[in-house]
Participant: 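There's a structure below that I have some questions on.
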2 protein chains.
Amino acid sequence: MNETGTTEVSQATGKPLSARGLATRARLLESAELVFVELGYHEASIVRITERAGVGLGTFYLYFDSKQSIFEALVLDLNARVRQAMSQAMVGATSRLEAERRGFEGFFAFTAEHPALYRVVREAELVSPQAMREHYARIVEGYREGLRQAQRDGEIAADLDPEVTAWALMGVGELIGMRYVLWERDAQGRAPRSIDPQVLDAAMRFVDGALRSSRRPPHDHDTKEAS
Amino acid sequence: MNETGTTEVSQATGKPLSARGLATRARLLESAELVFVELGYHEASIVRITERAGVGLGTFYLYFDSKQSIFEALVLDLNARVRQAMSQAMVGATSRLEAERRGFEGFFAFTAEHPALYRVVREAELVSPQAMREHYARIVEGYREGLRQAQRDGEIAADLDPEVTAWALMGVGELIGMRYVLWERDAQGRAPRSIDPQVLDAAMRFVDGALRSSRRPPHDHDTKEAS
DNA sequence: CAGCAACCTGAATCACCTTTCAGGTTTGGA
DNA sequence: TCCAAACCTGAAAGGTGATTCAGGTTGCTG
């Protein structure tokens, strides 16, 4: 929550922090998540957000500069939460590959519970490109470091580029999540608790192969290979 | 253009086709692509689209039911074009892995030239989820069949699930394209003609590994493995 | 060149929205 | 208990835009 240091300060009125105000701000953010997911940025109206939050219309502007401002706050909030969910899920993994699987599981579970992640981040492309890039960049950052470490430990192929690989892995997660978690929910009306284990297995088979032996003609040499 | 068979008919007024009208419709679609890319769905207005197309406001409704309707037509049009670009690029490949690389190249080149692809498809999530799914589903379909064939030919690992793998590969392309093609354009102001070859190499190292040996512990057993 | 389709036009209608603001309410400390 | 600071409120100002419609224009046919 305190990720950006803005939590204790109203973006709108300056700096005066709060007591009751803090709760109101939180209620607005929470309501915004629901409303934005349901209606999208443009269809969502401030009135709807405040109504759902149970506060007056004017109250909104005590905590946020504008509609765009609360949207950006929501992107950052979701970003912090999904990263938290992923690293939480990875705790206790005994290998990079296991960590990878658990990270994916955490991501899919979060997706199942917070469809806002996709909706909001995708809309951010137009509403606030800067916030969207920030979102992806932060995820990649941690990812890349994990991969670097795994390379040092000899757990994954040495000839992979950690940065590009991180983006690739994020892409795998994004589309698999969209197709097999997000889209499943509409099929029946009910959302899956998380992902179909068989799909996860299939996805991890792909990922394991990619990380383990990114280049390995039949024999079994050293993995170093300049291109 | 004739993908859906709607080209010769006005969605709005019924069926009467056209002569001069056909050109007007095409001009509207073209203008819509430009305007939607520049402003996004909601900021774009019908007036802007008609002005850029050089026709009167009312004319719009002779050819499209609504703003949403022209947006959907645009999604389908882009989808047909990107798939065409990809399969065109794959012509002449002598192996699945080479086809894979060329397909990616084709996709990245198209992305560089038509940022509309990302913008419009991402917005479709809210504007017309149905059109968005259609877009992804059509791409995956061809992909999946290509993978199946490659499995039959023993070119890629047999234990991969073609469908899940297709989504995974599409994810790799989507995020790598976003980061290294789309985002590069803003850095300097000028768009790259396509992707940095080093990045493409790195990405293909990842993909090759994933497809070639999806599971290969030091020894060399059967690949079957229940979870 | 009359006449009739097929086309085109843009002011007006209708429906909302974001943001402001003048003033009311609540809370906590002295 | 009292009061200032912190909160809250919702009507109204100032906008925007999709869609309709009554009527004008174009161009082909005979």
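Note that the coordinates shown come from a computational prediction; the quantities given were computed from them, not determined experimentally.
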Participant: As a test of reading the structure: which of dT26(D), dT18(C), dA18(D) is closest to the side chain of I46(A), going by heavy atoms?
Facilitator: dT18(C)

Participant: From dC8(C), dA12(D), dT9(C), pick the nucleotide closest to the side chain of R20(B)?
Facilitator: dC8(C)

Participant: Take atom CD of Q68(B) and atom P of dG17(D), then tell me their distance rounded to the nearest Å.
Facilitator: 18 Å

Participant: Judged by each residue's nearest nucleotide on DNA chain C, which is more toward the 5′ side, E43(A) or V55(B)?
Facilitator: V55(B)

Participant: Nearest to the side chain of S66(A), which nucleotide is it out of dT18(C), dC8(C), dT19(C)?
Facilitator: dT19(C)

Participant: For I70(A) and dT19(C), what is the distance between atoms CD1 and C1' respectively, to the nearest whole Å?
Facilitator: 14 Å

Participant: Just checking E145(A): does its CD atom have more than 12 heavy atoms from other residues, nucleotides or ligands closer to it than 6.0 angstrom?
Facilitator: yes

Participant: Do the rings of F36(A) and Y41(A) sit parallel, tilted or perpendicular, given the 30° and 60° boundaries?
Facilitator: parallel

Participant: Figure out the CD1/P separation between I49(B) and dT16(D), and round it to whole Å.
Facilitator: 18 Å

Participant: Sort out for me which residue in R101(A), R96(A), R102(A) forms a salt bridge (Lys or Arg N to Asp or Glu O under 4.0 Å) with E98(A).
Facilitator: R102(A)

Participant: Within the structure, does a side-chain N or O atom of T24(B) lie under 4.0 Å from either OP1 or OP2 of dC8(C)?
Facilitator: yes

Participant: Can you tell me the distance, in whole Å, between the CG atom of L57(A) and the P atom of dC8(D)?
Facilitator: 14 Å

Participant: How many whole angstroms separate atom OH of Y61(A) from atom C1' of dC7(D)?
Facilitator: 17 Å

Participant: Specify the separation, in whole Å, of atom CZ of F60(B) and atom C1' of dC21(D).
Facilitator: 17 Å

Participant: More than 12 non-hydrogen atoms from neighbouring residues, nucleotides or ligands closer than 6.0 Å to CZ on R48(B), yes or no?
Facilitator: no

Participant: What is the distance, to the nearest angstrom, from the CG atom on L62(A) to the P atom on dT26(C)?
Facilitator: 16 Å

Participant: So, OP1 or OP2 of dC7(D): does either fall under 4.0 Å of a side-chain N or O from T59(A)?
Facilitator: no

Participant: Whole angstrom is fine here: how far is it from CG in L22(A) over to C1' in dC8(D)?
Facilitator: 16 Å

Participant: Which listed nucleotide (dT20(D), dC17(C), dT27(C)) is nearest to the side chain of R48(A)?
Facilitator: dC17(C)

Participant: Return the nearest nucleotide to the side chain of Y63(B); candidates are dA18(D), dT19(C), dC8(C).
Facilitator: dC8(C)

Participant: Report the relative orientation of the aromatic rings in F107(A) and Y118(A); use parallel for angles under 30°, tilted for 30 to 60°, perpendicular for over 60°.
Facilitator: tilted

